[in-house]
Asks: 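Sharing a structure here in structure tokens format.
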Amino acid sequence: VQIEYPDQIPQQVLQIQQEGSVSDIYFCGASLLHQSKLAVRFYFAAPNGVEGYSFQVGETTYDAICDDGKYYLDITGIHPNAYADVITLVVAKGAETMSIGYSPMHYITRMYHKEGSSQELKNLLTAMYGFYLATDSTNYTVASGSVLLFNSGYETSDKYVVWSGSIEAL
């Protein structure tokens, strides 16, 4: 199966959204980390450091980590059914605020379609997309070869997502 831009995924989650600005800090991008825990990583440049700035998603405050003069922070605990949700990070200093909205689905679709993405990465992204569909309220069933993964408590559906590769690649 190829990852496309299905109607059930709102187009705004496929773009990074930025509103407002804060002096001396610049949003540089966001990415999805898929290691032992899934995380969204936001990147910033702050020529004078981040002292006095706050970084917040919902009610949770985060500390920016400095790496070679650049800053980042990781938002963890993202469940597959939230891959199409927009995570909004609010950066503030005094009365100035900047909000940045980023969805894991942005990364999944962008990297899948990016020229030069490895087949291994595409297999992982396809599996992630399949798990998103499997946890979506529309009750998709995910299949790989003869292995079926069902939403618990649901009957078999006629909606399938099939990907090449294996479950072991996860």
Side-chain angles (χ1 to χ4, degrees), residues 1-47 49-118 120-138 140 161 163 170:
V1 83
Q2 291 205 7
I3 297 176
E4 298 181 14
Y5 301 97
D7 294 336
Q8 67 265 33
I9 299 174
Q11 290 300 302
Q12 69 265 22
V13 306
L14 301 177
Q15 303 169 20
I16 297 176
Q17 305 156 23
Q18 182 177 350
E19 293 182 17
S21 63
V22 178
S23 300
D24 295 326
I25 192 165
Y26 309 97
F27 173 63
C28 297
S31 186
L32 195 64
L33 304 177
H34 38 83
Q35 296 170 353
S36 63
K37 290 185 179 180
L38 189 70
V40 168
R41 178 171 283 180
F42 291 93
Y43 299 93
F44 297 92
V50 295
E51 188 173 331
Y53 293 91
S54 66
F55 302 89
Q56 194 167 346
V57 174
E59 299 297 318
T60 305
T61 301
Y62 294 85
D63 293 321
I65 299 165
C66 184
D67 183 21
D68 198 26
K70 296 181 180 147
Y71 296 87
Y72 69 89
L73 55 102
D74 295 340
I75 312 302
T76 59
I78 301 166
H79 190 271
N81 67 354
Y83 288 174
D85 293 351
V86 175
I87 296 168
T88 302
L89 173 67
V90 176
V91 180
K93 184 175 186 179
E96 297 177 304
T97 62
M98 168 175 52
S99 66
I100 302 153
Y102 184 78
S103 170
M105 194 59 69
H106 174 269
Y107 176 88
I108 290 169
T109 56
R110 182 176 56 90
M111 293 305 294
Y112 183 87
H113 292 288
K114 182 178 179 180
E115 188 174 325
S117 288
S118 70
E120 181 179 69
L121 177 60
K122 286 185 176 191
N123 289 345
L124 173 65
L125 297 172
T126 302
M128 291 173 69
Y129 183 71
F131 281 114
Y132 161 73
L133 292 176
T135 61
D136 183 36
S137 63
T138 55
Y140 282 85
V161 176
W163 70 86
L170 300 175

Asks: For a 4.5 angstrom cut-off between non-hydrogen side-chain atoms, does Leu73 reach Arg41?
Replies: no
Asks: Hey, are the side chains of Met98 and Ile25 touching, using non-hydrogen atoms and a 4.5 Å cut-off?
Replies: yes
Asks: Check Phe55, Tyr72, Tyr26 against Phe44 for a ring-ring contact (aromatic ring centres under 6.0 Å, His included) and give me the one that passes.
Replies: Phe55
Asks: Taking all heavy atoms of Ser117 and all of Met111, pick out the closest pair and write down the distance.
Replies: OG-O, 2.6 Å
Asks: Hey, does Ile78 have a side-chain heavy atom less than 4.5 Å from the side chain of Pro104?
Replies: yes
Asks: Provide the closest heavy-atom pair for Gly101 versus Val86 in the form atom of the first, atom of the second, distance.
Replies: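 The answer is CA-CG1, 3.5 Å.
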Asks: Can you tell me if CD on Gln18 sees more than 12 non-hydrogen neighbours from other groups inside 6.0 Å?
Replies: yes
Asks: Say you draw a straight line from NE2 of His106 to CD of Gln17; how long is it, rounded to the nearest 0.5 Å?
Replies: 10.0 Å
Asks: For residues Thr76 and Leu38, determine if any side-chain heavy atom of one lies less than 4.5 Å from a side-chain heavy atom of the other.
Replies: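 A side-chain contact is absent here, since even the closest heavy-atom pair is not under 4.5 Å.
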Asks: Starting at CD of Gln56, measure out to OG1 of Thr97 and round the result to the nearest 0.5 Å.
Replies: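 Answer for the CD-OG1 pair, Gln56 versus Thr97, is 11.5 Å.
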Asks: Quick one: OH on Tyr112 to CG on Asn123, what's the gap to the nearest 0.5 Å?
Replies: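 Going from OH on Tyr112 over to CG on Asn123, the span is 8.5 Å.
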Asks: Tell me, do Val90 and Val57 make a side-chain contact under 4.5 Å, heavy atoms counted?
Replies: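 No. Closest side-chain heavy atoms not under 4.5 Å.
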Asks: Working to the nearest 0.5 angstrom, can you tell me the gap between Leu89 CG and Phe27 CZ?
Replies: 8.5 Å
Asks: Please report the C-alpha distance between Met128 and Tyr83 in whole Å, then the side-chain angles of each, then the deciding distance to 0.1 Å, and finally whether the side-chain contact (heavy atoms from CB on, under 4.5 Å) criterion is met.
Replies: CA-CA 9 Å; Met128 291 173 69; Tyr83 288 174; 3.9 Å; yes
Asks: Do the non-hydrogen side-chain atoms of Ile75 and Tyr102 ever get within less than 4.5 Å of each other?
Replies: no
Asks: If you round to the nearest 0.5 Å, how far is NZ of Lys122 from NZ of Lys114?
Replies: 11.5 Å
Asks: Is any side-chain heavy atom of Ile87 less than 4.5 Å from a side-chain heavy atom of Ser103?
Replies: no
Asks: So, do Ile100 and Ile16 sit near enough that their side-chain heavy atoms are less than 4.5 Å apart?
Replies: yes
Asks: Find the distance between CG (Leu124) and OH (Tyr129) and round it off to the nearest 0.5 Å.
Replies: 15.0 Å
Asks: Looking only at heavy atoms, what is the nearest atom pair of Tyr132 and Pro80, with distance?
Replies: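 Heavy atoms only, the tightest pair is CD1-O, 3.3 Å.
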Asks: Between Glu96 and Ser23 (side chain of the first, backbone of the second, donor and acceptor by atom type, cut-off under 3.5 Å), is there such a pair?
Replies: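 It does hold such a pair.
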Asks: How far apart are the closest heavy atoms of Ala45 and Cys28, and which atoms are they?
Replies: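 Closest pair (atom of Ala45, atom of Cys28, distance): N-SG, 3.5 Å.
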